[in-house]
Amino acid sequence: MARILITSAIPYINGIKHLGNLVGSQLPADLFARFMRGRGHEVMFICATDEHGTPAELAAAKAGVPVEQFCADMHKVQADIAAGFRLSFDHFGRSSSQRNHRLTQHFAGRLAEAGLIAEVSEKQVFSVDDNRFLPDRYITGTCPNCGYESARGDQCENCTKQLDPTDLINPRSSISGSTNLEVRQTKHLYLKQRALKAKLEAWIDSKKDWPILTTSIAKKWLNDGDGLQDRGITRDLYWGIPVKKGDQPWPGMEGKVFYVWFDAPIEYIAGTAEWADAHGLDDAAWERWWRTDKGAADVTYYQFMGKDNVPFHTLSFPATILGSGEPWKLVDYLKSFNYLNYDGGQFSTSQGRGIFMDQALSILPSDYWRWWLLSHAPESSDSEFTWENFQASVNKDLADVLGNLVSRVTKFARSKFGDVIPAGGTPGAREAALIDALTTQLRSYEANMAAMEVRKSAADLRALWVAGNEYLQAAAPWTVVKSDPDQAAMMIRLAMNLIRVYAIISRPFIPDAAAAMMHAVGSADWTWPDDLAAAMQTLPAGTGFNVPENLFRKITDEERADWQQRFAGIRT
RNA sequence: GGCUAGGUAGCUCAGCUGGUUAGAGCACACGACUCAUAAUCGUGGGGUCGAGGGUUCGAGUCCCUCCCUCGCCA
């Protein structure tokens with residue numbers, strides 16, 4: 001039994017995520033976690049909300065509630081939706097937790113002791129009326145280059161020129177519109193990433209089995225232009241983790257907080273500590289997942305994220321870990337995803353375009369979405385959601401191939417043999433051939449799942465389902481029963497056992513349907529079918545079974561057209 | 001403009017270090033079956049593998065040029 005640590009990129013607290021966010025990190029991470037658990041491995045699967053920073057403060061202000069309250073409420077909302085999608089986190093933490101405060105401050109202290117923190121004095125725009133420093137992109141003004149009146153302080157959208165906020169003509173606060181702005185001197189901490197470049201590069205180079213998408217992004221940041229840059233890790237904000245050096249004050253940094261991208265990945269670790277706290281366990285319980293000197297040496301650590309998160313996970317976070325000089329676990333395998341597009345354009349949180357997680361659950365149960373999203377995961381390139389494709393895949397794969405298989409077996413069994421799995425008959429060459437074919441396909445499925453080849457795994461799983469229909473079609477128990485009821489009973493007994501096997505191996509993709517299948521055949525034995533021939537004899541004759549409701553219903557053309565129209569616009 | 005990835009059947013995609021008639025699912029046509037959610041199973045049609053050069057006995061697979069899409073960066 002192996003020990004598997006899995007983290008999903010943590011979603012930002014501000015609002016409900018769309019299906020593109022889901023399929024890029026949380027959902028494939030869940031698939032992998034469920035698979036590894038199913039195989040009997042010890043799994044720790046951690047996710048959290050990423051709560052700090054200006055957008056959360058502004059959203060809270062807009063909602064008219066204190067930011068602490070806003071984040072607590074939104075965390076609850078996101079946790080409920082995650083549960084709705086059956087995301088099986090061992091813990092869904094919060095980057096604003098006290099655990100993360102202490103750990104983030106601890107890392108900063110260690111980095112300072114290692115001489116990897118620089119204090120830099122710089123000029124920044126302060127909005128008097130808002131009573132806050134403004135991030136560059138929250139300053140609006142006229143572009144000195146092209147005259148565009150709504151240029152942002154970091155870049156003009158119109159002429160794409162890179163700007164400094166002080167370049168803007170008639171600058172104003174994007175928050176309040178106030179023009180009462182001042183340039184003030186402020187001091188910030190920088191993480192000396194340049195000093196860690198050689199270490200980071202050696203570490204990246206040691207990862208021979210990482211996808212090109214991952215290593216190329218990392219190497220570009222390492223070597224492009226002037227190479228890896230030192231990075232500011234503090235901000236003049238209210239909402240964040242107070243800057244401290246371990247548990248000691250940091251002179252000159254009073255009232256400042258750490259930058260959200262510094263504390264967010266640390267929450268992977270802190271979230272595991274939160275898990276221990278929530279279960280009344282001591283520190284050793286979570287440290288054995290993260291400290292190689294305290295039991296984590298045999299842990300394999302997998303991260304899942306969208307491609308936009310790769311630089312932070314290949315460089316910034318490892319710089320924090322390596323720079324600390326302490327034996328924290330570094331990621332072993334990093335699975336990154338491209339983007340999912342929506343009907344010809346991008347999903348967009350800021351523009352409200354696409355389908356959001358709560359909307360998805362309001363029209364169909366999670367299994368439908370899980371299946372489509374995972375079987376079309378944007379692995380090798382961006383992929384596209386269309387309602388036509390969604391309807392076709394769900395109806396064919398789930399309703400026709402799998403759902404109908406369960407129906408035809410259980411209904412036939414009920415009408416011909418009664419309430420229990422029937423006895424009699426002897427398996428022959430056809431049954432042996434089926435088990436051989438299933439075994440081969442199952443080994444392929446396991447290999448693809450272990451390699452996080454999501455689409456290929458889905459294709460293998462579907463092929464396993466199809467093999468069941470092929471067998472039934474060829475064996476034709478509905479014909480055999482007329483002349484040799486015992487042989488028909490044997491076929492049905494085998495099919496019932498096959499449904500149980502399907503429940504186990506399908507569970508990572510469609511957990512609810514898997515539970516329904518297991519219930520239908522009157523079992524609760526989720527042991528992975530390492531030996532398929534043996535697994536196919538798990539349910540003995542005499543076992544009671546149920547005829548379930550249809551596992552999946554079909555999406556009608558009318559529904560598709562309705563949803564297509566309903567979700568065509570912009571969410572407000 | 002620089003960089004990554006991609007451009008393969010109507011659609012969504014596989015095709016590892018170059019090697020017999022380029023594959024799968026869906027869709028389509030025909031057939032079988034009738035236990036089942038008008039489900040299932042079988043067979044078949046359909047592609048000059050973005051364009052043009054080149055290397056090679058042989059290229060979707062390597063090299064060069066160009067076109068297009070997406071993203072990142074500037």
Side-chain angles (χ1 to χ4, degrees), chain A residues 20 24 154-156 159-163 211-227 229 306-312 336-341 344-347 371-373 375-417 441 444 448 451 453-463 465-482 488 491-492 495 499 513 547-556:
Chain A
D154 53 348
Q155 181 178 30
C156 174
C159 68
T160 74
K161 185 176 171 58
Q162 296 288 300
L163 299 173
I212 295 169
L213 178 67
T214 301
T215 50
S216 66
I217 291 173
K219 295 208 171 187
K220 177 174 163 35
W221 282 56
L222 274 172
N223 299 314
D224 211 43
D226 298 329
Q229 296 299 299
K307 60 185 172 184
D308 52 329
N309 273 338
V310 170
F312 299 101
S336 61
F337 289 83
N338 287 284
Y339 293 140
L340 180 67
N341 291 321
Q346 287 183 29
F347 274 90
W371 174 253
W372 190 89
L373 290 168
S375 62
H376 294 78
E379 290 180 297
S380 59
S381 63
D382 290 357
S383 66
E384 167 128 345
F385 177 92
T386 65
W387 285 101
E388 289 82 359
N389 191 307
F390 178 65
Q391 177 193 23
S393 295
V394 164
N395 289 355
K396 190 70 186 174
D397 300 345
L398 296 182
D400 293 348
V401 174
L402 178 61
N404 181 57
L405 176 79
V406 174
S407 291
R408 68 195 297 201
V409 169
T410 53
K411 287 183 181 175
F412 179 79
R414 174 58 45 89
S415 71
K416 301 297 180 190
F417 299 105
Q441 191 73 51
S444 170
N448 278 322
E453 291 282 356
V454 178
R455 277 180 182 241
K456 289 179 180 173
S457 299
D460 280 337
L461 181 57
R462 187 187 189 283
W465 298 339
V466 167
N469 279 316
E470 285 173 0
Y471 168 78
L472 282 179
Q473 205 63 30
W478 49 88
T479 302
V480 173
V481 73
K482 296 169 187 166
M491 293 168 185
I492 286 305
I499 289 173
V547 178
E549 293 294 309
N550 284 346
L551 250 44
F552 299 98
R553 69 179 186 81
K554 295 203 190 195
I555 297 169
T556 65

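All values derive from a computational prediction rather than experimental measurement. Note that these values count all heavy atoms, side chains included, but never hydrogens, waters or copies made by symmetry. So you know, we letter chains A, B, ... as the sequences are listed, proteins then strands, and number each from 1.
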Item checked: Listed partners of A:Q391 passing side-chain hydrogen bond (donor to acceptor under 3.5 Å, both in side chains), at least two apart -> A:D557, A:R560

Next item on the list: Take A:A392 and A:H376, find for each the nucleotide of RNA chain B with the closest heavy atom, and name the residue whose nucleotide sits nearer the 5' end.
Entry: A:H376

Check: A:F412 on top of B:C35's base, within under 5.5 Å and under 30°?
Finding: no

Margin query: Can you check the distance between B:C62 and B:G46, where both ends of the measurement are the P atom (answer in whole Å)?
Written below: 28 Å

Next item on the list: Please state how far atom CH2 in A:W387 lies from atom C1' in B:C11, giving the value in whole angstrom units.
Entry: 18 Å

Notebook entry, point to check: Looking at A:V406, A:L405, A:L398, which hits side-chain contact (heavy atoms from CB on, under 4.5 Å) with A:W465?
Noted result: A:L398

Next item on the list: Determine the interatomic distance between P on B:C3 and the same-named atom on B:U48; round to the nearest Å.
Entry: 33 Å

Notebook entry, point to check: For B:G25, which nucleotide in any strand shown is its Watson-Crick or wobble partner with both distances under 3.5 Å?
Noted result: B:C11

Margin query: Tell me the interatomic distance from A:K482, atom NZ, to B:C33, atom P, rounded to whole angstroms.
Written below: 11 Å

Next item on the list: Sticking with atom P, work out how far B:C66 lies from B:U4, rounded to a whole angstrom.
Entry: 15 Å

Margin query: Using OP1 and OP2 only, check whether a side-chain N or O of A:K456 sits under 4.0 Å from B:C13.
Written below: no

Notebook entry, point to check: Quick one: A:L398 CG to B:C26 P, roughly how many Å, whole number?
Noted result: 13 Å

Margin query: In whole Å, measure the gap between the C1' atoms of B:G60 and B:G18 for me.
Written below: 10 Å

Note to self: Under a 3.5 Å threshold, yes or no: a donor from one side chain and an acceptor from the other, between A:R455 and A:N448?
What the structure shows: no

Next item on the list: Pick the C1' atom in B:A59 and in B:A22, then give their distance to the nearest Å.
Entry: 12 Å

Notebook entry, point to check: A:L551 near the nucleic acid: base, sugar-phosphate alone, or nothing, with a heavy-atom cut-off under 4.0 Å?
Noted result: base

Margin query: Checking base pairs now: Watson-Crick or wobble, both atom distances under 3.5 Å. What partners B:U65?
Written below: B:A51

Margin query: Can you see if the side chain of A:R462 gets near the phosphate of B:C26 - specifically, an N or O under 4.0 Å from OP1 or OP2?
Written below: yes

Next item on the list: Look up atom CG in A:N395 and atom NZ in A:K554, then write down how far apart they are to the nearest 0.5 Å.
Entry: 5.5 Å

Note to self: Taking the minimum atom-to-atom distance to the side chain of A:D400, which one of B:U40, B:A14, B:C35 wins?
What the structure shows: B:U40

Next item on the list: With heavy atoms under 4.0 Å as the rule, sort A:K416 into base, sugar-phosphate or nothing.
Entry: nothing

Next item on the list: Find the distance A:K411:NZ to B:U37:C1' and express it as a whole number of Å.
Entry: 7 Å

Check: Given B:U40, B:A36, B:C41, which nucleotide is nearest the side-chain atoms of A:E470?
Finding: B:C41

Check: What nucleotide among B:C41, B:U34, B:A36 has an atom nearest to a side-chain atom of A:N469?
Finding: B:C41

Item checked: Distance below 4.0 Å between A:K396 side-chain N/O and B:U40 OP1 or OP2 -> yes

Next item on the list: Could you check A:N309 against A:S336 for side chain to side chain donor-acceptor pair (under 3.5 Å), going step by step and ending with a plain yes or no?
Entry: CA-CA 8 Å; A:N309 273 338; A:S336 61; over 6 Å; no

Notebook entry, point to check: Under the 3.5 angstrom rule, does the side chain of A:N469 hit a backbone N or O of A:V401 as a donor-acceptor pair?
Noted result: yes

Item checked: Rounded C1' spacing from B:G44 to B:A27 in Å -> 14 Å

Notebook entry, point to check: Looking only at side-chain N and O atoms, does A:R455 come under 4.0 Å of OP1 or OP2 in B:C13?
Noted result: yes

Notebook entry, point to check: Looking across every strand, which nucleic acid part, if any, lies under 4.0 Å from A:V409 by heavy atom: base, sugar-phosphate, or nothing?
Noted result: nothing

Check: In whole Å, what is the span from the CG atom of A:L405 to the C1' atom of B:C41?
Finding: 13 Å

Next item on the list: Can you tell me, in whole Å, how much space there is between the C1' of B:C11 and that of B:G58?
Entry: 33 Å

Next item on the list: Return yes if some donor-acceptor pair links the side-chain N/O of A:S375 with the main-chain N/O of A:W372 below 3.5 Å, else return no.
Entry: yes

Check: Looking at A:K554, does any N or O in its side chain come under 4.0 Å of the phosphate oxygens OP1/OP2 on B:A39?
Finding: yes

Check: To the nearest Å, how far apart are A:F385 CZ and B:C11 P?
Finding: 19 Å

Next item on the list: For B:G45 versus B:C28, give the span between their C1' atoms, rounded off to a whole number of Å.
Entry: 9 Å

Check: B:G25 P sits how many Å from A:Q391 CD, rounded?
Finding: 20 Å

Margin query: Measure CG/A:N550 against C1'/B:U37 and give the value in whole Å, please.
Written below: 5 Å

Margin query: Of the listed nucleotides (B:U37, B:U12, B:A39), which one gets closest to any side-chain atom of A:N404?
Written below: B:A39

Check: Toward the 5' end of RNA chain B, which comes first, A:V466 or A:W478, by nearest nucleotide?
Finding: A:W478

